[in-house]
Protein chains: 2
Amino acid sequence: MKISTKGRYALRVMVDLASREEGVYTPLRDVAERQGVTVKYLEQIIPLLHRAGYLKSFRGNAGGYRLSKAPANYTVGDILRTAEGSLAPIACLDAEENDCERREICCTLPFWTGLNKVINDYVDGVTLADLLEDWKAHSGDRYAI
Amino acid sequence: MKISTKGRYALRVMVDLASREEGVYTPLRDVAERQGVTVKYLEQIIPLLHRAGYLKSFRGNAGGYRLSKAPANYTVGDILRTAEGSLAPIACLDAEENDCERREICCTLPFWTGLNKVINDYVDGVTLADLLEDWKAHSGDRYAI
DNA sequence: CTATCATACCACTGGAATAGTAGGAATACA
DNA sequence: TGTATTCCTACTATTCCAGTGGTATGATAG
Ligand code: FES
Ligand code: FES
């Protein structure tokens, strides 16, 4: 029941980019350094967010990535689902071509459905802007992403 | 972000046993058949619950397992944590000897802490008795665990 | 115009965890 | 003695995770 590094790093990258000046392209090297991750590994995670249209890229010297929209327009849920695939705690809840035979008689399905709901409600209720604001306010002068 | 088969099967086994007459020992063979899992695999999962004191066992002919306490005394959270280890969505939250260096400066930690809370609050608020009751009421005449 | 450098992009590999299988020893009862 | 059960240990196959090497692209300096 753990979120993988894909999801964790994806979220940190998005917050990192959200903290940069709007419209400016930031190279992965900078993000990797601030976040304590290798550039090579980020290069594997970023495409997930890029393909989903969350980021704009620019190749070549002085290139990099930037957010496509303002931070308030990204929910953490969208980011995590994009990076992780699905946040459903069990596969039986991922409807697509995964129709579990026990659906009708399963004694635990209602419980899992409920868990799925509280998880998704929570992650969809938080935006990048929320994270950034809370964190700026909380860390005070230590603020340095 | 998936619960493994350990946790899923453990929960189903517990509900299955909770549905049996109180105090009676039920052989794994019966549970396995009802739940559509092999006895051999259940034998690997049951010890987790047994060692935690949730089950009483009886060896030999006409032996089996039964719950130690009444269904209302088991929260789903306890069962899942026993089978899965920890329900924390990221390792940084498992305090023990895992003091993440980024704790103080991490922009996503408050978010994960909140997610951890909603998950644990939910799973700790449901008992085996709740599952059993809801399910009996819902499945009506198809009730046959 | 060309060499160079910094960058995004693509493909691959090793290792760990998960999910399941298998054989057999110990125990209780009839 | 036979049978049905828990209990113990090891094995395998597959999937997922984490990380690395190499290529294409674009700006810029000489
Ligand atoms: S096992 Fe698939 S719905 Fe419960
Ligand atoms: S990375 Fe460990 S607390 Fe955020």
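Residue numbers begin at 1 in each chain, while the letters A, B, ... track the order of the sequences. All values below were derived from every heavy atom in this structure, side-chain atoms included, with hydrogens, water molecules and symmetry-related copies excluded.
Among the atoms of the strands shown, none is found under 4.0 Å from any heavy atom of A:Ile46.
Other residues, nucleotides and ligands contribute only 12 or fewer heavy atoms inside 6.0 Å of the CD atom of A:Glu33.
Side-chain contact between B:Arg34 and A:Ile105: absent, with no pair of heavy atoms (C-beta onward) separated by less than 4.5 Å.
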Once each nucleotide of nucleotides 15-28 of chain D is scored for protein heavy atoms under 4.0 Å, what B/S/- sequence comes out, 5' to 3'?
---BBBBB-BBBS-
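Taking the six-membered ring for Trp, B:Tyr54 and B:Tyr65 have ring centres at least 6.0 Å apart.
For the pair B:Arg29 CZ and D:dC7 C1', the interatomic distance rounds to 17 Å; values are reported in whole Å. In this structure, CG of B:Leu42 is placed 13 Å from C1' of C:dT21, rounded to the nearest angstrom. B:Glu33 has its CD atom 11 Å from the P atom of D:dT5, to the nearest Å. The interatomic distance linking B:Tyr25 (OH) with C:dT27 (P) rounds to 17 Å, in whole Å.
Taking the nucleotide of DNA chain C with the nearest heavy atom to each of A:Gly63 and A:Arg51, the more 5' of the two is matched to A:Gly63.
No salt bridge links A:Lys136 with A:Glu133; every basic N to acidic carboxylate O contact stays at or beyond 4.0 Å.
By the 30° and 60° cut-offs, the orientation of the rings of B:Tyr41 relative to B:Tyr9 is perpendicular.
Residue B:His50 has no polar side-chain atom (N or O) positioned under 4.0 Å from OP1 or OP2 of D:dT6. A:Ser57 has a side-chain polar atom (N or O) that falls below the 4.0 Å cut-off from OP1 or OP2 of C:dC9.
Rounding to the nearest 0.5 Å gives a distance of 6.5 Å between CD1 of A:Ile119 and CG of B:Leu115.
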